[in-house]
2 protein chains.
Amino acid sequence: MRATVSDIARITGLSVGTISRALDTTGRYRINKETRQRVRDVAKSVGYRPNLIGRALVAGSTKQVALVSRAPFTEYYTQLASRFATYVARDGYHVVSNLAEQLVGQEGLPDLLAQDWLFSVDGFLLCDPSRWRDEFIQHAIDLQIPVVGLGAVGWSGADSVRLDIHTPSIDLLEHVISYGRKAIVMVTDEGSYAESRGDAFRTVMSAHNLEARIRKIEHHDRASGRQAALDEIAEFGPPEMFFCVNDAVAIGCACGIAEAGLRVPEDVGIAGCDGIEASEFLPCPLTTIVQPYSEACAKAWEFLKSRIDGYDGPHREVTLGARLALRKSTAFQRAV
Amino acid sequence: MRATVSDIARITGLSVGTISRALDTTGRYRINKETRQRVRDVAKSVGYRPNLIGRALVAGSTKQVALVSRAPFTEYYTQLASRFATYVARDGYHVVSNLAEQLVGQEGLPDLLAQDWLFSVDGFLLCDPSRWRDEFIQHAIDLQIPVVGLGAVGWSGADSVRLDIHTPSIDLLEHVISYGRKAIVMVTDEGSYAESRGDAFRTVMSAHNLEARIRKIEHHDRASGRQAALDEIAEFGPPEMFFCVNDAVAIGCACGIAEAGLRVPEDVGIAGCDGIEASEFLPCPLTTIVQPYSEACAKAWEFLKSRIDGYDGPHREVTLGARLALRKSTAFQRAV
DNA sequence: ATGAAAGCGCTAACAT
DNA sequence: ATGTTAGCGCTTTCAT
């Protein structure tokens, strides 16, 4: 059996309380130097590892925070998770995720809410918007678990870190239009079309008296992007540019364009959004909007940590800018 | 405060034991139907959620298993994690990962071993080999935590699921050679060159009296692959094919080849290994070896679960075949 | 500086 | 079918 504080107490002839104090690393207890050393030696020799469950029970805290997302298998999520976990780790916390496939998707909410393990964490970072966002937040609030939101849209009912992709989206569209790409098709789902990205698209296109055509997709993934490009080209012929809701869709688009026998950027331009690493590693690197992953996660953790530590002020919101990265996939077609 | 069984006991006038039994979902207790309903109603009305810490403490189990990897931010890992989490979830367990950036890399072992939270899980799935594999296994064994290994190389000291990429690697190399690609450069690190993939390469090349040239890289990532392709082409001119240690490296290679102004597959062929989804979504889809993610994870969990449940027999090992996927990136250059 | 004991929330063995 | 109680491993009062 795994050694416990009682075992060490028995071996050393000390009490469990002393063992606990001797093993404490925060230095908040006064303890005899020799006693401490003796306890630590014994602990080491018996391979003692604290049982975090016991500790969590008395502390009323698991030191776990959950990263909840609709799409936990994407590179976007991975990049976010790695950064977030890094900040979280500095304060002795760690991150758990909703990795099981069943929990994904719009319909995933009831399943997600039924996950008891998810609700034994000390806090939530909730990524990307979705229909069930508000309901999830409400559940967390009911259970007194702090939540912080992270994404392109604003959040009510919780602290949030907003990423401004609207401004760089406008810059991007203005740029490509000035270089002659005017027949632009946005590849998106209804939801995102209604939000920031779609708004930028409608605004710029209308300012230039251009048609704001969209090609609708169901999911923000590569397969959808590929199919969208193929369908669009088959039905209407190639546009001058695909403005994609995210990088995964854009990467799929690039694939569909190649299958249709066309070239990027000569025949069709592409732009994505998010700035995942994969966007740089394409034969034709992708123009995209790079999100400030590290800063966003740092801020999100700062918010969450303060709530976990008891801060009870009004909801806070910070907006971080995203950076337009112009790459080859939108290289100029023809000067105006 | 969050409601507990005691609260429900007080409200209903029943004892905590009865509450616990009424809330049990496994149906192993005989309990009055009306009582059960009443308890559940009250539980619902007060927003009761079981405290998993309390449960874990008495059960001596967290119902958490850890997925430990050297490279937890890769798509390979993500695909594995999603499948594994799915099987694990069916038995009421869930998966935690070593997400923090600091814990990654060869040097990460001491840090990893110092993670108390990691060692409070019920079991480990340890992916991809590394120098610290054996030491990690030993620690787990010392703490009586079951471990299962998953990867291309064999494991001693633990149950393991082996993925045979040797056979399809040979098929792949024979195929491309028969279609005229003979100047093949393997892009790999020392470790993998010494193992299965490298062995297949040396075997086939030597059987055809061809030089088994390698271009060494440090990491199995896209950036390394890109640089390797650029360096190789700059120093020796383009080979007829790059045989890459994994898909990420191959994707980077494709990128480097494009930067050098060459075309895939006309000028240079590329093959990867792993069969991550990204390999299909390239303008020129990548020839690769698709690993049986689902079967591997199912088997790994079967092994791990049995150990968690107390099975104490000798170590088991199963080998699963991987599938060669011939795609455009190795389309024929010239018939022999 | 150390010991004794309570208690975190829950389950299960033992009573009734 | 339900009540009572011990105890999982740990931290933290409260004594000494």
Side-chain angles (χ1 to χ4, degrees), chain A residues 1-40 42-43 46-63 92 116-117 119-122 143-145, chain B residues 1-40 42-43 46-63 92 116-117 119-122 143-145:
Chain A
M1 280 303 299
R2 194 160 159 164
T4 70
V5 281
S6 309
D7 294 326
I8 302 178
R10 198 166 25 74
I11 295 170
T12 57
L14 294 161
S15 71
V16 289
T18 305
I19 307 303
S20 177
R21 287 182 287 250
L23 258 25
D24 180 273
T25 53
T26 65
R28 84 195 107 157
Y29 299 111
R30 300 158 45 96
I31 204 157
N32 185 297
K33 263 214 173 323
E34 290 162 20
T35 308
R36 149 169 305 186
Q37 197 49 56
R38 193 156 56 94
V39 170
R40 298 219 166 154
V42 171
V46 297
Y48 172 79
R49 281 300 192 104
N51 180 326
L52 265 39
I53 304 302
R55 191 174 284 174
L57 187 56
V58 44
S61 145
T62 54
K63 293 278 179 184
D116 288 331
W117 65 267
F119 290 90
S120 64
V121 298
D122 293 343
L143 293 167
Q144 321 234 30
I145 304 176
Chain B
M1 281 302 300
R2 195 161 158 162
T4 71
V5 281
S6 308
D7 294 326
I8 302 179
R10 196 166 27 72
I11 295 169
T12 56
L14 293 163
S15 71
V16 289
T18 304
I19 306 303
S20 178
R21 286 182 289 251
L23 259 24
D24 180 271
T25 53
T26 65
R28 82 197 111 155
Y29 300 110
R30 301 159 43 98
I31 205 156
N32 184 297
K33 264 213 174 319
E34 291 162 18
T35 307
R36 149 168 305 187
Q37 197 50 55
R38 193 156 55 94
V39 170
R40 299 216 168 157
V42 171
V46 297
Y48 172 80
R49 281 302 192 106
N51 179 327
L52 264 40
I53 303 302
R55 192 175 281 175
L57 188 56
V58 45
S61 144
T62 54
K63 294 277 178 185
D116 287 331
W117 66 268
F119 290 90
S120 64
V121 299
D122 293 343
L143 292 167
Q144 320 235 29
I145 304 176

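A, B, ... follow the sequence lines: proteins, then strands. Residue 1 opens every chain.
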Select from B:Ser6 and A:Gly13 the residue whose nearest nucleotide in DNA chain C is closer to the 5' end of that strand. A:Gly13
Where is the tightest heavy-atom contact between B:Gly47 and A:Leu143, given as atom of each residue plus distance? O-CD2, 3.8 Å
Please report the interatomic distance CZ(B:Arg40) to CD1(B:Ile8), rounded to the nearest 0.5 Å. 11.0 Å
I need the minimum non-hydrogen distance between A:Val39 and A:Leu14, along with the two atoms involved. CG2-CD1, 3.6 Å
Atom CD1 in A:Ile145, atom CZ in B:Arg2: separation rounded to 0.5 Å? 5.0 Å
Let me know the distance between CD1 of B:Ile19 and P of C:dA12, rounded to the nearest Å. 16 Å
Span of DNA chain D, from the first to the last nucleotide whose atoms fall under 4.0 Å of chain B heavy atoms: D:dA1 to D:dG9
Which atom of B:Ser120 lies closest to which atom of B:Thr62, heavy atoms considered: O-CG2, 2.9 Å
Five-pair end axes of the helix from C:dA1-D:dT16 to C:dT16-D:dA1 and the angle they enclose, rounded to 10°: 40°
Please list every donor-acceptor pair under 3.5 Å in which a side-chain atom of residues 50-58 of chain A meets a protein atom from a residue at least two apart or in another chain.
{"from": "A:Asn51", "atom 1": "OD1", "to": "A:Ile53", "atom 2": "N", "distance (Å)": "2.7"}
{"from": "A:Asn51", "atom 1": "OD1", "to": "A:Gly54", "atom 2": "N", "distance (Å)": "3.2"}

Nearest 0.5 Å, please: how far is CD1 in B:Ile19 from OG1 in B:Thr35? 9.0 Å
Taking only residues two or more places apart in sequence, or in another chain, which ones meet B:Tyr48 in a ring pair (Phe, Tyr, Trp, His ring centres under 6.0 Å)? none
State which residues pass side chain to side chain donor-acceptor pair (under 3.5 Å) with B:Ser61; sequence neighbours excluded, sorted by chain then number. B:Asp122
Under-3.5 Å N/O pairs linking protein and nucleotides 4-8 of chain C:
{"from": "C:dC8", "atom 1": "O2", "to": "A:Val58", "atom 2": "N", "distance (Å)": "3.4"}

So which pairs with a foot in residues 10-28 of chain B pass side chain to side chain donor-acceptor pair (under 3.5 Å), sequence neighbours left out? B:Asp7-B:Arg10, B:Ser15-B:Thr18, B:Asp24-B:Thr26, B:Asp24-B:Arg28, B:Thr26-B:Arg28
By the 4.0 Å heavy-atom rule, please label A:Leu52 as base, sugar-phosphate, or nothing. nothing
Going by number, which of residues 28-37 of chain B have a non-hydrogen atom under 4.0 Å from DNA chain D? B:Arg30, B:Ile31, B:Asn32, B:Thr35
Holding to salt bridge (Lys or Arg N to Asp or Glu O under 4.0 Å), I want the full list of residues that pass it with A:Arg49, two or more places apart in sequence or in another chain. B:Asp116
Heavy-atom pair of closest approach, residues B:Val46 and B:Ala3: CG2-CB, 3.8 Å
